[in-house]
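Following: one structure in structure tokens, then a few remarks.
A, B, ... follow the sequence lines: proteins, then strands. Residue 1 opens every chain. Below, all heavy atoms of this structure are taken into account, side chains as well, without hydrogens, waters or symmetry copies.
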There are 2 protein chains.
Amino acid sequence: MKLNNNIISDLKKIVGDDGILLSSADLASYSYDGSCNWQSMPDVVVFPQTTEQVSDIMKLAYENTIPITPRGAGTSLSGGPVPSSGGIVLCTARMNRILEIDEENFAVTAEAGVVLNNMNMELAKRNLFFPPDPQSFLAATIGGCIAVGAGGPYAVKYGVFKHYILGMTIVLANGSIIDIGGNTMKNVTGYDLPQLVCGSEGTLCTVTKIKLRLVPKPKASQTITAVFNDVTNAGNAVHMIKSKGVIPAKIELIDNWVINRVNEITGMGFPSDADAILFFEVDGSPESIKKEEEDVVALCKEAGAEDVWAAKDAEDAMKVWGARRSGFLAIYGNAPTALAEDVTVPTNKISEFLERVKDIRKKYDVEVVIIGHAGDGNLHPTVLTDKKDTEHYERADKAVQELFKTALNLGGAISGEHGIGLEKQRFLKDAISGDEINLLKGIKKIFDPKGILNPGKIWEQ
Amino acid sequence: MKLNNNIISDLKKIVGDDGILLSSADLASYSYDGSCNWQSMPDVVVFPQTTEQVSDIMKLAYENTIPITPRGAGTSLSGGPVPSSGGIVLCTARMNRILEIDEENFAVTAEAGVVLNNMNMELAKRNLFFPPDPQSFLAATIGGCIAVGAGGPYAVKYGVFKHYILGMTIVLANGSIIDIGGNTMKNVTGYDLPQLVCGSEGTLCTVTKIKLRLVPKPKASQTITAVFNDVTNAGNAVHMIKSKGVIPAKIELIDNWVINRVNEITGMGFPSDADAILFFEVDGSPESIKKEEEDVVALCKEAGAEDVWAAKDAEDAMKVWGARRSGFLAIYGNAPTALAEDVTVPTNKISEFLERVKDIRKKYDVEVVIIGHAGDGNLHPTVLTDKKDTEHYERADKAVQELFKTALNLGGAISGEHGIGLEKQRFLKDAISGDEINLLKGIKKIFDPKGILNPGKIWEQ
């Protein structure tokens with residue numbers, strides 16, 4: 001569709017002349033997401049600054065049946081914020097105020113466009129801690145994280161975004177503004193709409209404000225690195241540690257390919273022939289973490305680690321986590337197309353999954369590299385390919401299909417924290433039943449009778 | 001409505017002759033809930049033993065448009081399991097198998113009728129811990145807890161039922177059986193239906209199996225008792241402790257009236273003139289709890305506690321928690337009608353709420369006694385009255401209305417863990433917006449187009 005001049009003029013009235021983008025060059029920047037695997041041009045991008053402006057934009061879109069795709073920082077990896085039906089991209093970048101840090105009640109209220117890291121920096125000053133920590137935290141917005149139900153390494157001990165939601169302000173398809181949830185963790189006043197909205201990828205409503213629960217910042221933490229000559233042993237180590245009742249805050253895994261790219265980028269000098277490295281963070285009281293460190297070290301050795309060591313100090317620990325984070329950079333810098341997947345398996349199936357990845361790599365003759373939140377079974381096997389090389393891409397795509405099939409067969413899920421977006425629609429019916437998909441579509445229709453909210457996402461149309 | 005003989009005969013075919021109750025005397029036992037504040041007779045009670053039997057019952061109810069009210073142990077306090085439209089009560093008492101305790105992945109799968117305490121005893125043998133602990137845990141079923149979104153004292157540190165759900169098997173209104181959610185904590189495959197079902201009070205579907213996440217049993221714990229001559233100081237103590245970053249596993253409060261009844265029942269000999277007592281449990285590693293105990297003791301003293309002491313040993317601690325639990329027994333044993341409310345307020349508003357309760361008590365000349373999960377702001381002010389004494393009951397009802405109004409004005413909720421049921425329908429529109437209620441009704445219609453699933457609950461009809 002093409003928007004007519006009246007619509008554009010009405011949008012300008014709502015957000016001001018400097019709150020709108022119309023040129024092709026500008027629109028192009030809002031036509032893809034963090035994966036760069038899909039592209040679709042919007043007709044217009046608007047930058048509202050208030051919930052009321054979002055409401056006015058929604059009313060206009062509703063009256064004129066214009067597709068509207070909410071977007072935070074666009075760091076999504078599943079195509080969620082790609083405006084695949086054109087229309088309006090509603091970018092929350094200017095709704096970036098932290099409205100309240102309530103130290104007394106351990107809660108923060110932020111607009112949807114607040115960057116996660118900006119919030120975390122303010123919280124740290126007050127000794128407060130918001131655990132969910134997607135890799136994209138330096139750029140990702142709170143609203144975007146809510147859209148996909150983001151997680152991250154800290155999930156092992158602390159859970160994911162949905163475990164921290166107290167309340168939200170949302171704008172419905174027809175422009176109505178409502179507050180859902182509230183201020184207290186315990187709240188069973190009707191169906192739990194905030195939980196329904198979390199992970200709904202902008203298809204039910206537009207979230208403008210979020211109230212999140214916080215915890216006190218742990219008083220101490222320690223980082224441990226363990227090197228394995230067999231990735232299967234690393235999988236076993238994760239499982240043994242958790243089985244002994246030791247729950248580290250994070251347990252991260254990188255494989256041989258990633259180890260070597262990380263060495264190139266960071267000069268960390270990890271053993272280049274290691275099959276896998278596990279990074280652990282234990283946290284809590286100074287009294288308790290020493291014991292947990294000892295347990296992690298002993299159990300890694302028992303699982304067959306070649307080498308295990310604790311960080312010397314905070315700076316050393318920071319280097320380790322910086323190296324871990326550089327893993328994704330390494331991946332995206334080393335292939336024209338990276339199919340970064342996001343499967344989960346029960347933690348006692350990690351070793352088996354890693355074995356199967358080796359088979360898939362051989363079978364399709366493609367590089368499948370692994371970074372993962374091993375502690376909660378959320379692995380990111382990434383297939384390196386080139387979309388322009390049709391023959392190679394076809395093999396890569398088959399490898400991806402088999403990765404999903406493998407995860408499901410092992411009792412896992414096709415998405416742990418990235419969402420379905422455009423990427424995994426064709427696999428949804430393998431993951432959930434037709435009856436469930438019909439319920440999702442029914443719920444969508446209740447919230448979005450005209451089908452204007454991020455249309456074309458989650459299920460095949 | 002009256003069910004015809006064909007229906008009864010079909011139900012017998014499904015659940016067997018010993019799986020059905022029909023006599024008035026038997027039906028009466030399923031006509032009320034734990035509060036005894038409402039009564040409505042079902043036409044029949046059935047006891048299915050499998051998901052397939054539940055499905056067959058649902059199909060029959062669907063084809064014949066018969067109201068169907070799922071029921072666990074009936075310990076609800078809000079009228080949720082009362083069959084207010086008659087029809088079928090589907091009691092899960094015989095679906096009481098623990099299907100799998102997956103020690104490796106920290107998960108348990110149980111049928112809906114498993115009693116929470118029975119599950120907990122099995123978990124304890126394996127050093128596993130499922131934290132949510134409603135007062136009714138000795139009788140309440142997992143399915144009932146899911147229905148209301150139950151909580152309990154451990155919520156302070158560990159959260160409530162919704163934070164532990166991995167997956168469910170549900171039976172839809174038309175009898176379709178579907179699995180929703182999965183086996184891993186991270187799972188963003190479409191809208192989060194398990195979270196929508198949790199707290200939906202049997203109005204969307206019937207849950208037959210639940211998979212819950214577990215945590216390792218804390219290695220050590222300590223119990224602390226603090227006596228206050230002013231309930232407001234007790235409120236302040238809660239707030240000061242949490243503000244210092246100390247998060248006890250539980251913080252429970254009883255007021256003067258409850259203290260004296262507890263003394264009568266248990267002979268604990270708590271100071272009879274104390275205005276309030278706080279009970280704390282700190283847990284974690286043996287290394288960390290000593291420090292937390294010291295912090296709790298010091299901060300209670302700073303807040304003005306008259307006396308604070310730690311339990312001598314595990315037996316001593318058990319006595320303290322037994323005394324705390326006897327509080328509700330005391331309440332129900334001391335009035336013909338107890339209006340046990342379930343409000344929440346942000347924790348820094350607890351003192352203010354307690355002050356307002358004193359005013360309400362005077363204003364309506366009724367006894368309002370307080371037991372509460374002070375650590376998370378979930379208070380149970382209970383108005384003692386007699387439904388048969390119209391004049392007194394009217395004052396009691398006005399007191400309840402003002403308690404709700406006060407909680408909402410302080411930023412709280414009208415239900416923290418009991419649900420809306422029959423009890424709070426008339427207050428729902430004060431708690432959430434008309435737009436939100438319309439969304440709830442829309443969602444209900446998607447799941448239950450014929451309106452047969454626990455009809456008459458949550459909102460006014």
Chain B: which of [options] shares the most heavy-atom pairs with it under 4.5 Å?
{"options": "Gly151(A), Pro346(A), Ser285(A)", "answer": "Pro346(A)"}
{"options": "Ile432(A), Thr203(A), Val345(A), Leu204(A)", "answer": "Leu204(A)"}
{"options": "Met240(A), Lys157(A), His418(A), Glu436(A)", "answer": "Glu436(A)"}
{"options": "Asp342(A), Ile178(A), Val215(A), Ile458(A)", "answer": "Ile178(A)"}
{"options": "Arg213(A), Glu103(A), Lys444(A)", "answer": "Lys444(A)"}
{"options": "Ile437(A), Thr347(A), Asn438(A)", "answer": "Thr347(A)"}

Electrostatic pair [X]:[Y] at N-O distance under 4.0 angstrom:
{"X": "Glu460(A)", "Y": "Lys429(A)", "value": "yes"}
{"X": "Glu201(A)", "Y": "Lys457(A)", "value": "no"}
{"X": "Glu294(B)", "Y": "Lys291(B)", "value": "no"}

query: Can the ring centroids of Tyr164(A) and Tyr158(A) be said to lie less than 6.0 angstrom from one another?
result: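 No: the rings miss the under 6.0 Å criterion.
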Between [X] and [Y], is there a donor-acceptor pair closer than 3.5 Å when you use the side chain of the first and the backbone of the second?
{"X": "Thr344(A)", "Y": "Gly416(A)", "value": "no"}
{"X": "Asn378(B)", "Y": "Val343(B)", "value": "yes"}
{"X": "Asp435(A)", "Y": "Ile177(B)", "value": "no"}
{"X": "Gln425(A)", "Y": "Gly421(A)", "value": "yes"}
{"X": "Ser176(B)", "Y": "Leu172(B)", "value": "no"}
{"X": "Lys424(A)", "Y": "Glu341(A)", "value": "no"}
{"X": "Asp283(B)", "Y": "Ala220(B)", "value": "no"}

Select one option (side chain, backbone, both, neither) describing which atoms of [X] are under 4.5 Å from chain A's heavy atoms.
{"X": "Ser433(B)", "value": "side chain"}
{"X": "Leu439(B)", "value": "both"}
{"X": "Leu428(B)", "value": "side chain"}
{"X": "Val148(B)", "value": "backbone"}
{"X": "Phe106(B)", "value": "side chain"}
{"X": "Lys217(B)", "value": "neither"}

message: The criterion is side-chain hydrogen bond (donor to acceptor under 3.5 Å, both in side chains); which residues satisfy it with His163(A), sequence neighbours excluded?
response: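 Per chain and number, His163(A) pairs via side-chain hydrogen bond (donor to acceptor under 3.5 Å, both in side chains) with no residue.
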task: Among the options Ser415(B), Gly442(B), Ala431(B), pick out the one with the most heavy-atom pairs lying under 4.5 Å from chain A.
output: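 Of the options given, most contacts go to Ser415(B).
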Chain A contacts, top residue of Ala150(B), Ser288(B), Gly199(B) (heavy-atom pairs, under 4.5 Å):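 Looking at each of Ala150(B), Ser288(B), Gly199(B) in turn, Ser288(B) comes out on top.
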task: Classify the angle between the aromatic ring planes of His373(B) and His380(B) as parallel (below 30°), tilted (30 to 60°) or perpendicular (above 60°).
output: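 Judged by the thresholds at 30° and 60°, the geometry between His373(B) and His380(B) is perpendicular.
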Is it the side chain or the backbone of [X] that comes within 4.5 Å of chain B heavy atoms, both, or neither?
{"X": "Ile247(A)", "answer": "side chain"}
{"X": "Phe427(A)", "answer": "neither"}
{"X": "Lys445(A)", "answer": "neither"}
{"X": "Ala155(A)", "answer": "both"}
{"X": "Asn348(A)", "answer": "both"}

task: Determine the sole option in Cys198(A), Pro134(A), Ser76(A) for which the side chain to side chain contact (heavy atoms under 4.5 Å, CB included) test with Cys145(A) is passed.
output: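 Among Cys198(A), Pro134(A), Ser76(A), the one meeting side chain to side chain contact (heavy atoms under 4.5 Å, CB included) with Cys145(A) is Pro134(A).
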Interface residues of residues 179-192 of chain B facing chain A - heavy atom cut-off under 4.5 Å: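 When heavy atoms of chain A are the reference, residues 179-192 of chain B contributes Asp179(B), Ile180(B), Asn183(B), Thr184(B), Met185(B), Lys186(B), Asn187(B), Val188(B), Thr189(B), Gly190(B), Tyr191(B), Asp192(B) within the under-4.5 Å range.
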query: So, Asn105(A) and Asp102(A): side-chain donor and acceptor under 3.5 Å apart, yes or no?
result: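 The answer is yes; a qualifying pair exists.
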